[in-house]
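Values in this document were obtained by computation on a predicted structure and should not be read as measured data.
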Amino acid sequence: MTLLVTGGAGFIGRNFVDRVRALHPETTVVVLDLLTYAGTGEAVAHFAADPGVVFVRGDVADPVAVEELFAAHRPARVVHFAAESHVDRSISEPSVFLRTNVLGTQVLLEAARRHGTQRVLMVSTDEVYGSLADGAPAFTEASPVQPRSPYSASKAAADHLCQAWVHTHGLDVVTTRCSNNYGPWQFPEKLIPVMIHKALDRAPLPVYGTGRNVRDWIHVIDHCDGILAALEHGRSGAVYNLGADCERTNLDIVRLILDILGRPHELIHFVADRPGHDWRYAIDATRARTELGWSPRRVLDDALAETVEWYVEHQDWWRPLVG
Ligand code: NAD
C-alpha cells in the first residue's frame, strides 16, 4: 500500500510519517513537501535513512507536479497536512495561505479523483469553528463553521471543498478537526517552543493580551493516532473532532513551562494582543471516541515535561531556525 502524505516534513506530518512506518512497516510512504520555512532539511535527511519513505519536493498547489506524482506513485490513500499553519503569518501574508491551503487542496482532490484514489484524509483544525465564550459548550461536528482569522478561513474553505468533492464527484474524503498540538519538531514560532526558547535563555516570555485565552491541548502522537483511526474506520464525508479535553489558558501553559525549567514567573511579559485573537477553543471528541475507537493517551503535565526536555536536547535543530 502506498500512502501519500502531503506536508510530511512539517511538525505533525513528520511525526505522522514515523508513526505510520512504526505501526505499519508494510506501508510505503510518499511525502510531498515544498520545504517552506516550516519544512526542514533535517526531516528530508531523516526520511532518506528509511527505504520505506520516498521524499518528493513539490508544491501541492502545482497541478503539473501533483499529476506527475500521482502518475508515478499511484497512492492508494492520501493524508493531507500541507498548509501554511501560523495564524500571525496569515494576518501579515494572507495570499500564500489561500494558495496553499485552498488551491492546494483543490489540486489534490482533483488528482485523487482522476486517479481513483481510495480515500483522502483532510487534516483540519478546530479553528474553523471560530471562538467560544467562557462556559459555552465545546465544539461538536454540528457546530457552525465560523472562522475568524485568514488561516482558519483558508482551512474552512478547504474543508468545504472536500465536501464538494464528496457530494459532486463521489470521492471518499474523511475530515479530522483537531485542537492545538504540542510535542517534538514543532517549528519554534508556535507558543510552546517559543516559550521554552525564551525561558531557557532567561529572556522575557511574550504573552499576548492578558494571557487568559484558552486552548485545548493534545499531544501530537495522540493526534496522529486519531488520524490513523479515521483513515481506517471513518465514514466517507464525515468530520471527526479530535481533542484531549485539556483546556488551559496560555498563561497556565507558560507558567507550567517556567516551573518545569525552574525559571521565575517574573519572566512573563504581556504584549499587544493579536488582532481578532480567538478567545477560547474547546473540542468535543465524542464522535471519534465512539465511532473510531480512538482516545488520547497522554496527560498534559507529563507529556509537556517530556516535550520541554526534548527541546532542551534538540537545540541544534531549532536554534538555527530562530531568526
Ligand atoms: P507546519 O507548518 O509545521 O508544517 C506544514 C508543512 O507543509 C511544512 O513541511 C511545509 O513545508 C509544507 N508546505 C507548506 N506549503 C506547502 C505547499 N504549497 N506544498 C507542499 N508542502 C507545503 O504545520 P503543522 O503544525 O504540522 O500542521 C499540519 C497540518 O495540521 C495543517 O494542515 C494544519 O492546519 C493542521 N493542524 C495543525 C494543528 C496544530 O496545532 N499544529 C492543529 C490542528 C490541525
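- Checked against side chain to side chain donor-acceptor pair (under 3.5 Å), Lys190 has the following partners two or more places apart in sequence or in another chain: Ser85.
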For this session: Take Leu108 and Leu4 through the test side chain to side chain contact (heavy atoms under 4.5 Å, CB included) and record every step on the way to the result.
Result: CA-CA 11 Å; Leu108 191 70; Leu4 170 61; 4.2 Å; yes
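- Of the inter-residue distances, the one linking Cys162 atom SG with Leu109 atom CG reads 4.5 Å to the nearest 0.5 angstrom.
- Although no hydrogens or angles enter the test, the distance criterion places a donor-acceptor pair under 3.5 Å between the side chain of Asp50 and the main chain of Gly52.
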Problem set entry | Trp310 and Trp185: CA distance, side-chain angles, deciding distance, ring pair (Phe, Tyr, Trp, His ring centres under 6.0 Å) verdict | CA-CA 9 Å; Trp310 187 91; Trp185 306 111; 4.8 Å; yes
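- A salt bridge links Arg77 with Glu232; the closest basic N to acidic carboxylate O contact falls under 4.0 Å.
- Once rounded to the nearest 0.5 Å, the distance linking CH2 of Trp279 with OG1 of Thr210 reads 4.5 Å.
- Ion pairing between Asp222 and Arg297 fails under the 4.0 Å rule for side-chain N and carboxylate O.
- No salt bridge links Glu141 with Arg177; every basic N to acidic carboxylate O contact stays at or beyond 4.0 Å.
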For this session: Given salt bridge (charged side-chain N to carboxylate O under 4.0 Å, His left out), test Asp88 with Arg274 step by step and report yes or no.
Result: CA-CA 7 Å; Asp88 289 342; Arg274 166 190 284 165; 2.7 Å; yes
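- Grouped by direct or indirect side-chain proximity (heavy atoms under 4.5 Å, Ile/Leu/Val/Met/Phe/Trp/Tyr only), Ile91 sits with Val87, Val96, Phe97, Tyr151.
- Between Arg319 and Asp201 a salt bridge is recorded (basic side-chain N to carboxylate O distance below 4.0 Å).
- Counting non-hydrogen atoms of other residues, nucleotides and ligands closer than 6.0 Å to CZ of Arg114 gives a total above 12.
- The pair Glu127-Arg148 does not count as a salt bridge, with every side-chain nitrogen at least 4.0 angstrom from each carboxylate oxygen.
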Report, one line per pair, each donor and acceptor closer than 3.5 Å where one atom sits in a side chain of residues 237-245; sequence neighbours left out.
residue, atom, partner, partner atom, Å
Tyr240, OH, Arg235, N, 2.9
Tyr240, OH, Glu291, OE1, 2.8
Asn241, OD1, Tyr129, OH, 2.8
Asn241, ND2, Phe139, O, 3.1
Asn241, ND2, Asp284, O, 3.4
Asp245, OD2, Arg289, NH2, 3.3

